[in-house]
Amino acid sequence: TDSRISTIEVKVKKLDAELGRYRDQMAKMRPGPGKEAIQRRALGVLKQKKMYESQIQQLQQQTFNMESAAMTTENLRNTMATLDAMKQANVEMKRQYGKIDVDKIEQIHYDMEDMIEQANEIQESLGRSYGVPDEIDEDELQAELDALETLEEEETPSYLQDLNATPDFIDEAPISEPKTTNPEAVKTVAT
């Protein structure tokens, strides 16, 4: 149909050119039988052009209808394929869920809880300390910690006690050298 539409469009363009020539001729002529004859020919060409334009519209509508039908058919195929896939998935899900026993799942869950509880009891039993009383006096622990801190202060070597103090082994202050820049030592490289 596209080739038929193209063929008719070529004919319409030829008729447009012919109508243009008749219009130019009528513009140059005076009213009379010659001008009337050209007008009759122009009217005949104009009728032919309208007929071709009507055919083009019909062909375009037919093309649109065919494309719509093809698209609807394709959509229906896709819908059927989706429906088939859903049916197969439904059958497979029913088959798989038929194998599952909810009571067994719950029993496994309870068994897992029991095993985890036993494992926690075992870990707690293994983590018990021997020979340490369950109740320890907090005041006694604090006193022992304070005693350790004072003991550490007494045992700290003298070179670590005052880090900001000037060392004893320096006899005189350091001598600072003046900075001098040597212009010969500085080179610039042009790139």
Task: Members besides Phe64 in its Ile/Leu/Val/Met/Phe/Trp/Tyr cluster (side-chain heavy atoms under 4.5 Å) - done: none

Open item on the list: Measuring only between side-chain heavy atoms, which start at C-beta, is Ile105 closer than 4.5 Å to Asp101?
Closed with: no

Task: Set of salt bridge (charged side-chain N to carboxylate O under 4.0 Å, His left out) partners for Arg95, sequence neighbours left out - done: Glu92

Open item on the list: So which atom in Tyr52 and which in Leu15 form the shortest heavy-atom distance, rounded to 0.1 Å?
Closed with: CD1-CD1, 3.5 Å

Task: Thr72 side-chain N/O to Ser68 backbone N/O, donor-acceptor pair under 3.5 Å - done: yes

Open item on the list: Once rounded to the nearest 0.5 Å, what's the spacing between atom CE of Met115 and atom CD of Glu113?
Closed with: 10.5 Å

- [ ] Side-chain contact test, heavy atoms from C-beta onward, threshold under 4.5 Å: evaluate it for Asn120 versus Glu124 and give yes or no.
- [x] no

- [ ] State the OG-CZ distance between Ser6 and Arg4, to the nearest 0.5 angstrom.
- [x] 11.5 Å

Task: Joint cluster assignment, Leu43 & Met29, ILVMFWY side-chain distance < 4.5 Å - done: no

Task: Rounded distance (nearest 0.5 Å) linking atom CD of Glu74 with atom OG1 of Thr79 - done: 10.0 Å

Task: Partner residues of Glu121 under the salt bridge (charged side-chain N to carboxylate O under 4.0 Å, His left out) criterion, sequence neighbours left out - done: none

Open item on the list: Once rounded to the nearest 0.5 Å, what's the spacing between atom CG of Leu19 and atom CD of Gln48?
Closed with: 9.5 Å

TODO: Please round to the nearest 0.5 Å and tell me the distance separating atom CD1 of Ile56 and atom NZ of Lys11.
DONE: 10.5 Å

Task: Atom pair CE (Met66) and CG (Leu59), whose distance is rounded to the nearest 0.5 Å - done: 9.0 Å

Task: Any side-chain donor near an acceptor of the partner, Glu18 and Tyr22, under 3.5 Å - done: yes

Task: Lys35 to Met26 - nearest heavy-atom pair and separation - done: CE-O, 3.4 Å

TODO: Please determine, by modelled atom types, if Asp111 and Gln107 share a side-chain donor-acceptor pair under 3.5 angstrom.
DONE: yes

Task: Connected via hydrophobic side-chain network under 4.5 Å: Met51 and Val12 - done: yes

